[in-house]
Amino acid sequence: MPGPLVEPIPGHPAAVARTSRHGFPERSLVVADYHAGIEAGLRYERGVELPSKAAVRRERLLSLLDRTDADRLVVLGDLGHRIGDPKGDEAEELTDLVEAVADRAELTVVPGNHDGGLADFFGDDVEVTDPAGVRLGDVGFCHGHTWPSREVLAADVVCSAHEHPAVRLEDEVGGARKERVWLRGTLAPEVFAEHYEVDPDEIARDDAELVVFPAFNDTSGGTWVNVPGQGFLSPFLPDGLADGEAYLLDGTRLGDYRNV
């Protein structure tokens with residue numbers, strides 16, 4: 001029996017998806033919010049000096065590609081960090097990454113709010129989809145900074161990103177730590193139907209699933225989903241995620257993300 005359409009890799013902010021392209025089944029490695037060049041961006045934006053983790057990020061990703069034997073790498077947006085054309089250290093990191101990935105798998109990038117210059121930067125070397133996302137077989141992919149297309153919403157599972165979801169966990173003596181999490185639950189068709197001004201049954205199946213990916217980049221910030229006063233960034237969250245539950249990277253189920 002085939003496994004789940006989208007299955008997180010224990011211990012990693014990445015998943016394997018059963019996708020298809022032009023009628024041919026594929027095995028896709030899916031990651032989100034890679035934010036290449038983030039250290040250079042933080043230096044420019046905030047005056048924060050951090051050593052580059054470009055090589056570490058690249059090797060982590062390539063190791064997962066080798067481990068999963070994926071036919072395709074799908075990046076759910078914010079492959080780069082700079083808003084606009086990649087330059088300097090970020091451009092170098094992106095070039096090295098794409099060259100290394102090309103030796104292993106096809107690459108599809110669903111552009112995020114940080115990826116405005118990627119299509120021109122890569123030209124024909126990388127498939128950069130419409131910002132509203134892409135559907136590959138029974139799985140739809142979007143970044144989440146804008147509304148996904150109706151084609152994406154018609155998939156059995158919709159994968160989104162953008163939020164960098166995390167939870168604040170406290171111990172019995174008041175110590176706290178931040179942990180990246182997955183958010184998974186039923187996709188609420190009525191939320192998207194209101195946006196598109198159609199009936200909910202025209203948008204998605206009643207049992208369609210929405211999966212919000214944790215950020216691959218462990219330096220980036222995120223939305224603390226269980227801290228009062230923290231708002232979501234995506235226009236369709238949290239309402240679009242019915243009965244959403246949080247899971248740690250190791251697979252630990254935390255239950256309703258709002259009550260963690």
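Owing to the predicted nature of the structure, the values given are computational and were not obtained by experimental measurement.
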(message) Could you report the tightest heavy-atom contact between S160 and L76, atom names first, then the distance?
(response) O-CD1, 3.8 Å

(request) Only pairs at least two apart or in different chains count here, so list each ring-ring contact (aromatic ring centres under 6.0 Å, His included) that has a residue in residues 7-31. (result) none

(request) Taking the side chain as every heavy atom from C-beta outward, state whether F122 and L94 have any pair of such atoms under 4.5 Å apart. (result) yes

(request) Considering non-hydrogen atoms only, spot the tightest contact between W182 and L248 and give its length. (result) CD1-O, 4.0 Å

(request) Quick one: pull up CG in L97 and CG in L107 and give me the separation to the nearest 0.5 Å. (result) 7.5 Å

(message) Let me check something: do F236 and L241 share a hydrophobic cluster, defined by ILVMFWY side-chain heavy atoms less than 4.5 Å apart, either directly or through other members?
(response) yes

(request) Would you please test R150 and Y196 for side-chain contact (heavy atoms from CB on, under 4.5 Å) and show each step? (result) CA-CA 9 Å; R150 292 182 61 177; Y196 282 107; 4.0 Å; yes

(message) Tell me if a side-chain donor or acceptor on N226 pairs with a main-chain N or O of Y257 at a distance below 3.5 Å.
(response) no

(request) Apply the side-chain contact (heavy atoms from CB on, under 4.5 Å) test between F141 and each candidate in V6, L136, T129, V152; give the one that qualifies. (result) L136

(message) Quick one, R184 and P8 - any side-chain contact, counting heavy atoms below 4.5 Å?
(response) yes

(request) Tell me, yes or no, whether the heavy-atom count around E106 atom CD, taken from other residues, nucleotides or ligands under 6.0 Å, exceeds 12. (result) no

(request) May I ask you to say whether R18 pairs ionically with D138, meaning some side-chain N is under 4.0 Å from a carboxylate O? (result) no

(message) Do L73 and L61 make a side-chain contact, defined as non-hydrogen atoms from C-beta onward lying under 4.5 Å apart?
(response) yes

(message) For a quick test of reading the model, state the closest non-hydrogen atom pair linking R135 to E151 and the distance between them.
(response) CD-O, 3.4 Å

(message) Is there a path of hydrophobic side-chain contacts, each under 4.5 Å between heavy atoms, that joins I9 and V139?
(response) no

(message) For residues V74 and V134: do they belong to one hydrophobic cluster (side chain heavy atoms under 4.5 Å, members Ile, Leu, Val, Met, Phe, Trp, Tyr)?
(response) yes

(request) Decide yes or no for E163 and L183: does some side-chain heavy atom of the first lie under 4.5 Å from some side-chain heavy atom of the second? (result) no

(request) Mind checking side-chain hydrogen bond (donor to acceptor under 3.5 Å, both in side chains) for Y247 and listing every partner two or more places apart, or none if nothing turns up? (result) E245

(message) Apply side-chain contact (heavy atoms from CB on, under 4.5 Å) to residues R72 and T108 and explain how you reach the verdict.
(response) CA-CA 7 Å; R72 181 176 302 278; T108 297; 2.9 Å; yes

(request) Using atom types as modelled and distance alone, determine if a side-chain donor or acceptor of S234 lies under 3.5 Å from a backbone N or O of G144. (result) yes

(message) Quick one, R27 with T68, criterion side chain to side chain donor-acceptor pair (under 3.5 Å). Give me CA distance, side-chain angles, the key distance, then yes/no.
(response) CA-CA 8 Å; R27 182 177 175 85; T68 58; 5.2 Å; no

(message) So, taking the atom named OG1 in T223 and the one named CG in L233, what distance separates them when rounded to the nearest 0.5 Å?
(response) 4.0 Å

(request) To the nearest 0.5 angstrom, please state how far the CG atom of D69 sits from the CG atom of L29. (result) 11.0 Å

(message) If we ignore hydrogens and angles and just use 3.5 Å, is the side chain of D199 paired with the main-chain N or O of D201 as donor and acceptor?
(response) no

(request) Please say whether the positively charged group of R57, taken as NZ for Lys or CZ for Arg, lies over the ring of F216, i.e. under 6.0 angstrom from the six-membered ring centre and within 45 degrees of the axis. (result) no

(request) Output the distance between atom CD (E93) and atom CZ (R58), rounded to the nearest 0.5 Å. (result) 7.5 Å

(message) Within a 6.0 Å radius of atom CD on E194, are there more than 12 heavy atoms belonging to other residues, nucleotides or ligands?
(response) no

(message) If you define the side chain from C-beta out and look only at heavy atoms, does anything of P111 sit under 4.5 Å from L118?
(response) no

(request) If the plane angle is over 60° it's perpendicular, under 30° parallel, otherwise tilted; pick one for W147 and F192. (result) perpendicular

(message) Is the shortest side-chain heavy-atom distance between V101 and L62 below 4.5 Å?
(response) yes

(message) As an exercise, state the distance from NE2 of H164 to NZ of K178, rounded to the nearest 0.5 Å.
(response) 9.0 Å

(request) Could you pull out the closest heavy-atom pair between S52 and A54, with the gap in Å? (result) OG-N, 3.1 Å

(message) Quick check: closest heavy atoms across P13 and R180, and the distance to 0.1 Å?
(response) CG-NH1, 3.7 Å

(message) Under the criterion side-chain contact (heavy atoms from CB on, under 4.5 Å), I'd like the reasoning laid out for R21 against D71: C-alpha separation, chi angles, the key distance, then a yes or no.
(response) CA-CA 11 Å; R21 195 65 185 269; D71 305 296; over 6 Å; no

(message) With heavy-atom distances below 4.5 Å as the criterion, would you say the side chains of L5 and E209 are in contact?
(response) no

(message) For residues V181 and W224: do they belong to one hydrophobic cluster (side chain heavy atoms under 4.5 Å, members Ile, Leu, Val, Met, Phe, Trp, Tyr)?
(response) no

(message) For G140 versus A155, what's the shortest heavy-atom pair and its separation?
(response) N-CB, 3.3 Å

(request) Measure the CG-CG distance between D33 and D78 for me, rounded to the nearest 0.5 Å. (result) 5.0 Å

(message) So R60 and L64, do their side chains get closer than 4.5 Å, heavy atoms only?
(response) no

(message) Are V31 and L79 linked, directly or through intermediate hydrophobic residues, by side-chain heavy-atom contacts shorter than 4.5 Å (ILVMFWY only)?
(response) yes

(message) Donor-acceptor check, side chain of N217 to backbone of H35, threshold 3.5 angstrom: yes or no?
(response) yes

